[in-house]
Amino acid sequence: MMSKALAWFCLATLLAGGAWALARKYRDVPTPAVAARQTEQLAEGMRDALETVTARIRKRDGKTRAEVRVIHETARTRVNALPADSVTDRLNDELALWRGMEAGTKELDGD
């Protein structure tokens, strides 16, 4: 008798849970007018965000271009200050450091 009551209780709980899940799923179905208004609000928010991001990108682009210009002029000044024969040696040393090799090595691949 106890197992029949438990089975009926489990079945009733399962049915009640399923009914609750279906009711929750279909409870908030918006009408087409409400959905259109919500979509328009989302699109307007996206436009505002796009304008903000575009402005930030342009601002950073200007700063980056200015920094690159300063670095370029600094490097040009340094290179022009070096004697003509040591320019290539210094550039090769910088390239060797960039490649991860020791400064002053004259080998391309370290062999």
Side-chain angles (χ1 to χ4, degrees):
M1 184 68 170
M2 185 64 152
S3 63
K4 267 189 177 180
L6 183 61
W8 280 108
F9 176 74
C10 288
L11 182 62
T13 304
L14 184 65
L15 288 174
W20 178 77
L22 282 174
R24 186 161 173 92
K25 180 179 178 183
Y26 293 111
R27 179 180 63 182
D28 295 330
V29 176
T31 61
V34 172
R37 187 169 11 107
Q38 288 174 346
T39 303
E40 185 58 37
Q41 288 173 349
L42 287 173
E44 186 64 32
M46 290 171 66
R47 284 186 208 110
D48 292 343
L50 178 65
E51 289 174 7
T52 303
V53 168
T54 303
R56 288 172 58 193
I57 288 172
R58 286 186 179 140
K59 182 179 176 183
R60 286 187 182 176
D61 182 54
K63 284 183 180 180
T64 304
R65 288 180 187 272
E67 289 175 13
V68 165
R69 199 174 306 118
V70 168
I71 292 170
H72 181 264
E73 291 301 322
T74 303
R76 177 181 283 180
T77 304
R78 286 183 181 174
V79 168
N80 288 338
L82 294 172
D85 57 350
S86 66
V87 171
T88 55
D89 290 337
R90 293 284 302 268
L91 287 175
N92 283 334
D93 290 344
E94 289 291 325
L95 285 172
L97 286 173
W98 183 73
R99 289 184 194 122
M101 298 173 10
E102 295 179 15
T105 60
K106 306 298 182 200
E107 304 158 350
L108 291 177
D109 296 325
D111 44 27

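The CG atom of D93 lies 9.5 Å from the OG1 atom of T88; values are rounded to the nearest 0.5 Å. The distance from atom CE of M46 to atom CG of L50, rounded to the nearest 0.5 Å, is 8.5 Å.
Residue pairs meeting the side chain to side chain donor-acceptor pair (under 3.5 Å) criterion with at least one partner in residues 60-74, sequence neighbours excluded, are D61-R65. Sequence neighbours left out, not one pair with a member in residues 6-17 passes salt bridge (charged side-chain N to carboxylate O under 4.0 Å, His left out).
In this structure, L15 shares a hydrophobic cluster with W8, L11, the cluster being traced through Ile, Leu, Val, Met, Phe, Trp and Tyr side chains under 4.5 angstrom apart. Applying the 4.5 Å side-chain rule to ILVMFWY residues, one finds V53 in the same cluster as I57.
L14 pairs by the side chain to side chain contact (heavy atoms under 4.5 Å, CB included) definition with nothing, not counting sequence neighbours. With sequence neighbours excluded, the residues that form a side chain to side chain contact (heavy atoms under 4.5 Å, CB included) with T52 are R56.
Salt-bridge check for E44 with R47: passed, with a basic side-chain N closer than 4.0 Å to an acidic carboxylate O.
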